[in-house]
A.B. asks: 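Got a structure for you, questions after.
These numbers come from a predicted model, not from an experiment.
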Amino acid sequence: MNDYICKIASVDEMEAKWNYEIKKHKSSNWKIWKAEAIERAKRGQSIAYYGILNGKIICEATAMLDKNTVQNYDRLVDDKTVYLCAFRTIEKYQNKGYFSRLFDFMICDLKGRGYEKVTLGVEPAEADNLKIYQHLGFNEFIKSAKETYPDGTVIDVNYYAKEL
């Protein structure tokens, strides 16, 4: 892992990673999410964290700092609480510790910025993801709600928190 770095993403890196996701997923939602993500980062409403191996972005996570950018934001985002999302690792790099290092980097950065709690959402059907999040310390259940994608798709989401 000597050639692996964790960092806050630049706008150019975000452009590259979102273009990869758009090409991979084909859904119109991804183009909308790309534009929103880059604008939020430029306005300081979010921070994108990337794990880069040998110059290639292999994993990511985003911290949403502004309640106005998070659906169902009550108890998920405030002056001391940040909402985490967009946990993604390219498949061939999964289960090798890369995301764990990125997660630790992100948590350290957020603590340094004065945040005391992090939250996230997971669909009830994503049992494997929930196990990973619980392993990372997200054991405080906050609430259940619905989220709506840009194309109108509605999903159920359970929200959890972790104290820093």
A.B. asks: For side chain to side chain contact (heavy atoms under 4.5 Å, CB included), just list the numbers for Thr81 and Arg75, CA-CA rounded to whole Å, side-chain angles, deciding distance to a tenth of an Å, and then say yes or no.
C.D. replies: CA-CA 8 Å; Thr81 307; Arg75 295 182 299 176; over 6 Å; no
A.B. asks: I'd like to know if the side chain of Asp109 and the backbone of Phe105 have a donor-acceptor N/O pair within less than 3.5 Å.
C.D. replies: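 Judged by distance alone, no pair lies under 3.5 Å.
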A.B. asks: Using every non-hydrogen atom in the two residues, find where Leu102 and Ala61 come nearest and quote the distance to one decimal.
C.D. replies: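 Minimum heavy-atom separation between Leu102 and Ala61: CD2-N, 3.9 Å.
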A.B. asks: Search all heavy atoms of Phe99 against all heavy atoms of Tyr4 and return the closest pair with its distance.
C.D. replies: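 Result for this residue pair: N-OH, 4.5 Å.
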A.B. asks: Does one hydrophobic cluster hold both Val11 and Ile32, with members joined at side-chain heavy-atom distances below 4.5 Å?
C.D. replies: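 No: no chain of side-chain contacts under 4.5 Å links Val11 to Ile32.
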A.B. asks: Are the side chain of Asn29 and the backbone of Asp151 linked by a donor-acceptor contact shorter than 3.5 Å?
C.D. replies: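 Judged by distance alone, yes, a pair lies under 3.5 Å.
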A.B. asks: Under 4.5 Å between side-chain heavy atoms, counting indirect links through other Ile/Leu/Val/Met/Phe/Trp/Tyr residues: same cluster for Phe141 and Ile132 or not?
C.D. replies: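 Phe141 and Ile132: one cluster.
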A.B. asks: If you take all heavy atoms of Lys117 and Ala161, which pair is closest and at what distance?
C.D. replies: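 Minimum heavy-atom separation between Lys117 and Ala161: CD-CB, 3.8 Å.
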A.B. asks: Is the charged tip of Arg40 near the ring of Trp33: under 6.0 Å from the six-membered ring centre and within 45° of its axis?
C.D. replies: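 Ring-cation test returns no.
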A.B. asks: Do the ring planes of Trp30 and Trp18 sit parallel (below 30°), tilted (30 to 60°) or perpendicular (above 60°)?
C.D. replies: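 Trp30 vs Trp18 ring planes: tilted.
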A.B. asks: Does the Tyr159 side chain pair with the main chain of Thr119, one donor and one acceptor, at a distance under 3.5 Å?
C.D. replies: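 Between the backbone of Thr119 and the side chain of Tyr159 there is no qualifying donor-acceptor contact (under 3.5 Å).
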A.B. asks: Report the distance from atom CD1 of Ile142 to atom CG of Asn158, rounding to the nearest 0.5 Å.
C.D. replies: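 If I round to the nearest 0.5 Å, the distance is 10.5 Å.
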A.B. asks: Under a 4.5 Å cut-off applied to non-hydrogen side-chain atoms, are Glu21 and Glu60 in contact?
C.D. replies: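 Glu21 vs Glu60: side chains touch.
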A.B. asks: Rounded to the nearest 0.5 Å, what separation is found between the CD atom of Glu163 and the CG atom of Asn139?
C.D. replies: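 If we round to the nearest 0.5 Å, Glu163:CD and Asn139:CG are 11.5 Å apart.
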A.B. asks: Counting only heavy atoms not in Lys31, do more than 12 sit closer than 6.0 Å to its NZ atom?
C.D. replies: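 No, the 6.0 Å shell around NZ holds no more than 12 heavy atoms from other groups.
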A.B. asks: Mind checking what makes side-chain contact (heavy atoms from CB on, under 4.5 Å) contact with Cys85, not counting sequence neighbours?
C.D. replies: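 In terms of side-chain contact (heavy atoms from CB on, under 4.5 Å), with neighbours along the sequence ignored, Cys85 is linked to Thr62, Met64, Tyr83.
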A.B. asks: In Å and rounded to the nearest 0.5 Å, what is the CG to CD1 distance from Asn54 to Ile5?
C.D. replies: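 Rounded to the nearest 0.5 Å, the CG-CD1 separation comes out at 10.5 Å.
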A.B. asks: Judged by atom type as modelled, is there a donor-acceptor pair below 3.5 Å linking the side chain of Gln71 to the main-chain atoms of Thr148?
C.D. replies: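 Looks like yes, one N/O pair under 3.5 Å.
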A.B. asks: Sub-3.5 Å donor-acceptor pair from the side chain of Lys143 to the main-chain atoms of Asp74, do we have one?
C.D. replies: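 Yes, Lys143 side chain to Asp74 backbone: donor-acceptor pair under 3.5 Å.
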A.B. asks: Quick check for you: to the nearest 0.5 Å, what is the distance between Gln45 atom CD and Lys42 atom NZ?
C.D. replies: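 Atom-to-atom, Gln45:CD and Lys42:NZ are 13.0 Å apart.
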A.B. asks: Side chain to side chain contact (heavy atoms under 4.5 Å, CB included) between Lys162 and Leu84: does it pass, once the steps are laid out?
C.D. replies: CA-CA 11 Å; Lys162 167 190 172 82; Leu84 306 180; over 6 Å; no
A.B. asks: Decide yes or no for Met14 and Lys34: does some side-chain heavy atom of the first lie under 4.5 Å from some side-chain heavy atom of the second?
C.D. replies: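 No, side chains not in contact.
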A.B. asks: Is the number of heavy atoms from other residues, nucleotides or ligands within 6.0 Å of OH (Tyr115) greater than 12?
C.D. replies: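 Enclosed: over 12 neighbouring heavy atoms sit under 6.0 Å from OH of Tyr115.
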A.B. asks: When you look at Met106 and Phe87, which way does the side chain to side chain contact (heavy atoms under 4.5 Å, CB included) test go after all the steps?
C.D. replies: CA-CA 12 Å; Met106 177 174 58; Phe87 288 11; 4.3 Å; yes
A.B. asks: Can a donor-acceptor pair be found, under 3.5 Å and without considering hydrogens, that links the side chain of Asp66 to the backbone of Ser46?
C.D. replies: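 A pair under 3.5 Å: no.
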A.B. asks: Crowded around Lys67 NZ? As in, over 12 foreign heavy atoms under 6.0 Å?
C.D. replies: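 Atom NZ in Lys67 is not packed in, count stays at 12 or less.
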A.B. asks: If you take all heavy atoms of Phe103 and Phe138, which pair is closest and at what distance?
C.D. replies: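 For Phe103 versus Phe138, the nearest heavy atoms are CZ-CE1, 3.6 Å.
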A.B. asks: I'd like to know if the side chain of Glu147 and the backbone of Ile155 have a donor-acceptor N/O pair within less than 3.5 Å.
C.D. replies: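 Looks like no, no N/O pair under 3.5 Å.
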A.B. asks: To the nearest 0.5 Å, what is the distance between OH on Tyr98 and CG on Leu53?
C.D. replies: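 Tyr98 OH to Leu53 CG: 4.5 Å, rounded to 0.5 Å.
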A.B. asks: Working to the nearest 0.5 angstrom, can you tell me the gap between Lys56 NZ and Tyr50 OH?
C.D. replies: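 So the NZ of Lys56 and the OH of Tyr50 are separated by 14.0 Å.
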A.B. asks: Working note: Ile90 + Tyr20, criterion side chain to side chain contact (heavy atoms under 4.5 Å, CB included); need CA distance, chi angles, decisive distance, verdict.
C.D. replies: CA-CA 10 Å; Ile90 293 173; Tyr20 167 85; 3.7 Å; yes
